[in-house]
J.: 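Let me give you the structure first, and then I'll get to my questions.
First listed ligand is number 1; within each ligand, the first listed atom is number 1. FYI, the numbering just counts along the sequence from 1.
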Amino acid sequence: MAVKKKDLISIVVPCYNESEALPYFYKEIATVAKSLDADLEIICVDDGSKDDTLKKLRILAQNDSRIRYLSFSRNFGKEAAMYAGLSAAKGDYVAIMDADLQDPPSLLPEMYEAVRYGKYDSVATRRKTRDGEPPVRSFCARAFYKIMSKISDTELVEGARDFRLMRRRMVDAILSMTEYNRFTKGIFCWVGFKTKWLEYDNIERVAGSTKWSFWKLLKYSFECIYNFSTVPLDISSFSGFALCILSVIGILIVIIRALCGVPSANGWASLLCVILFVGGLQLFCIGILGKYLSRTYMETKKRPIFIVRESEEDIKKK
Ligand code: UDP
Ligand code: MG
């Protein structure tokens with residue numbers, strides 16, 4: 001009787017300067033692997049780290065055949081690292097997980113159970129709390145999710161992490177979206193599929209420090225708005241329209257006053273304010289237009305999302 005082959009689960013781990021956290025991560029994932037009724041491959045993507053991350057990955061890959069790695073030619077960002085990992089994954093199921101243990105590997109068995117029998121295509125996670133995070137950051141994050149849910153067709157879930165386990169079919173759908181400006185949280189929602197949500201309390205990173213400054217996060221959230229909504233364009237055309245109406249009303253008032261023999265106010269200050277306001281609004285709207293245009297420009301260049309400098313295949317060849 002043929003023995004049914006075990007499923008293969010690929011775990012994609014973006015790593016940028018994670019040399020301190022990697023040993024903890026490996027220890028934890030090795031423990032969890034024992035309780036999983038599936039084979040595992042762990043694909044660590046070194047996103048152009050400046051510390052010893054690559055060195056540690058080489059050693060891990062030499063000692064454990066389940067560990068694979070890709071090393072980028074420079075820092076391409078977490079989005080690119082996730083895409084590279086998903087492209088390299090061979091598994092029937094693929095998980096994305098941070099290297100700092102903020103995405104607890106101990107949830108994997110529960111996630112695998114949920115997708116295994118086909119009831120769900122993916123199991124995603126969200127943080128219930130934002131304990132340990134600066135209050136300004138939490139406030140901005142909440143505001144961002146509120147605004148996004150209003151202006152985008154793609155339903156983003158508040159506190160959603162990139163940590164999720166997906167069936168091959170969903171991974172292939174994500175890989176078919178080859179856009180250069182990537183916002184994976186939005187792409188997960190956009191491709192659809194049945195998703196189960198697991199919640200957990202926020203966990204502080206095990207070692208090292210966060211790679212996201214406040215400004216980097218703010219830029220990232222604008223990336224999401226431009227990628228998944230065209231509402232800013234609507235706002236700019238609406239404000240232009242509203243100003244036109246306002247100016248028509250203004251002209252009518254001036255004419256009526258002139259007809260009634262009442263002279264119009266002769267202040268240059270008010271005129272200057274109006275000119276400045278309209279000029280500013282025009283620049284603002286051109287700016288919004290430029291944002292969309294620059295994205296179109298980058299997409300038409302068809303540049304690769306990432307460039308690999310080294311992988312575990314290179315060790316095997318030596
Ligand atoms: N990361 C990456 N490239 C980057 C920034 C971050 O691959 O340019 C990885 C990082 O190594 C970690 C994950 O993305 O595994 C999440 O980063 P971090 O923990 O710094 O973010 P936070 O959890 O603070 O939001
Ligand atoms: Mg983290």
J.: Report the part of Asn75 (side chain from C-beta onward, or backbone N, CA, C, O) that has a heavy atom under 4.0 Å from ligand 1; answer both or neither where that applies.
T.: side chain
J.: I'd like to check which ligand 1 atoms, numbered from 1 as shown, lie under 4.0 Å from a non-hydrogen atom of Ala99.
T.: 15 (O)
J.: Please name the residue in the list Tyr220, Tyr226, Phe222 that meets the ring-ring contact (aromatic ring centres under 6.0 Å, His included) test with Phe183.
T.: Tyr220
J.: Please determine whether a side-chain nitrogen of the Lys or Arg among Glu223 and Arg295 lies less than 4.0 Å from a carboxylate oxygen of the Asp or Glu.
T.: yes
J.: Identify the protein heavy atom lying closest to atom 5 (C) of ligand 1, giving its residue, its atom name and the separation to 0.1 Å.
T.: Lys211 CB, 3.6 Å
J.: Mind checking the CD1-CZ spacing from Ile147 to Arg142? Nearest 0.5 Å is all I need.
T.: 14.0 Å
J.: Hey, is Cys15 touching ligand 1 through its side chain, its backbone, both or neither, going by heavy atoms under 4.0 Å?
T.: backbone
J.: Going by the side-chain hydrogen bond (donor to acceptor under 3.5 Å, both in side chains) test, name the single residue among Glu310, Glu312, Glu313 that passes it with Tyr69.
T.: Glu310
J.: Go through ligand 1 atom by atom and flag the ones less than 4.0 Å from a non-hydrogen atom of Asp47.
T.: 2 (C), 3 (N), 4 (C), 7 (O), 8 (O)
J.: Under 2.8 Å from the Mg ion (ligand 2), can any N, O or S atom of Asp100 be found?
T.: yes
J.: Would you call Lys78 and Asp162 a salt bridge, using N to O less than 4.0 angstrom?
T.: yes
J.: How far is atom 9 (C) of ligand 1 from its nearest protein heavy atom, and which residue and atom name does that atom have?
T.: Pro14 O, 3.7 Å
J.: Of all the non-hydrogen atoms in the protein, which one sits nearest to atom 17 (O) of ligand 1, and at what distance?
T.: Trp212 NE1, 3.6 Å
J.: Is it true that Phe306 and Phe72 have ring centroids separated by less than 6.0 Å?
T.: yes
J.: Passes salt bridge (charged side-chain N to carboxylate O under 4.0 Å, His left out), Asp121 versus Arg167? Steps please.
T.: CA-CA 5 Å; Asp121 304 296; Arg167 294 165 74 82; 3.8 Å; yes
J.: Looking at Arg74 and Asp47, does any basic side-chain N land under 4.0 Å from a carboxylate oxygen?
T.: no
J.: Are Leu8 and Met170 joined in one hydrophobic group, where the rule is that I, L, V, M, F, W and Y side chains link up if heavy atoms are under 4.5 Å apart?
T.: no
J.: Check each heavy atom of Glu18 against ligand 1 and say whether those closer than 4.0 Å belong to the side chain, the backbone, both or neither.
T.: side chain
J.: Is the closest basic N to carboxylate O distance between Glu199 and Arg126 below 4.0 Å?
T.: yes
J.: Which atoms of ligand 1 are found less than 4.0 Å from any heavy atom of Gly77?
T.: 3 (N), 8 (O)
J.: Which ligand 1 atoms does Asp100 reach within 4.0 Å, using its non-hydrogen atoms?
T.: 19 (O), 23 (O)
J.: Which protein non-hydrogen atom lies closest to atom 18 (P) of ligand 1, naming both residue and atom, and how far is it?
T.: Arg205 NH2, 3.4 Å
J.: For atom 1 (N) of ligand 1, what's the nearest protein heavy atom and its distance?
T.: Tyr16 CB, 3.7 Å
J.: Can you pull out the closest protein heavy atom to atom 14 (O) of ligand 1? Residue, atom name and distance to 0.1 Å, please.
T.: Lys78 CD, 3.2 Å
J.: So, Arg127 and Asp201, do they make that salt bridge, N to O below 4.0 Å?
T.: no
J.: Heavy-atom distances under 4.0 Å are what count here, so tell me which part of Asp98 touches ligand 1: side chain, backbone, both or neither.
T.: both
J.: Quick test: of every protein heavy atom, which one is nearest to atom 24 (O) of ligand 1, and how far off is it to 0.1 Å?
T.: Thr210 OG1, 2.6 Å
J.: Could you list which atoms of ligand 1 come closer than 4.0 Å to a heavy atom of Gln102?
T.: 19 (O), 22 (P), 23 (O)
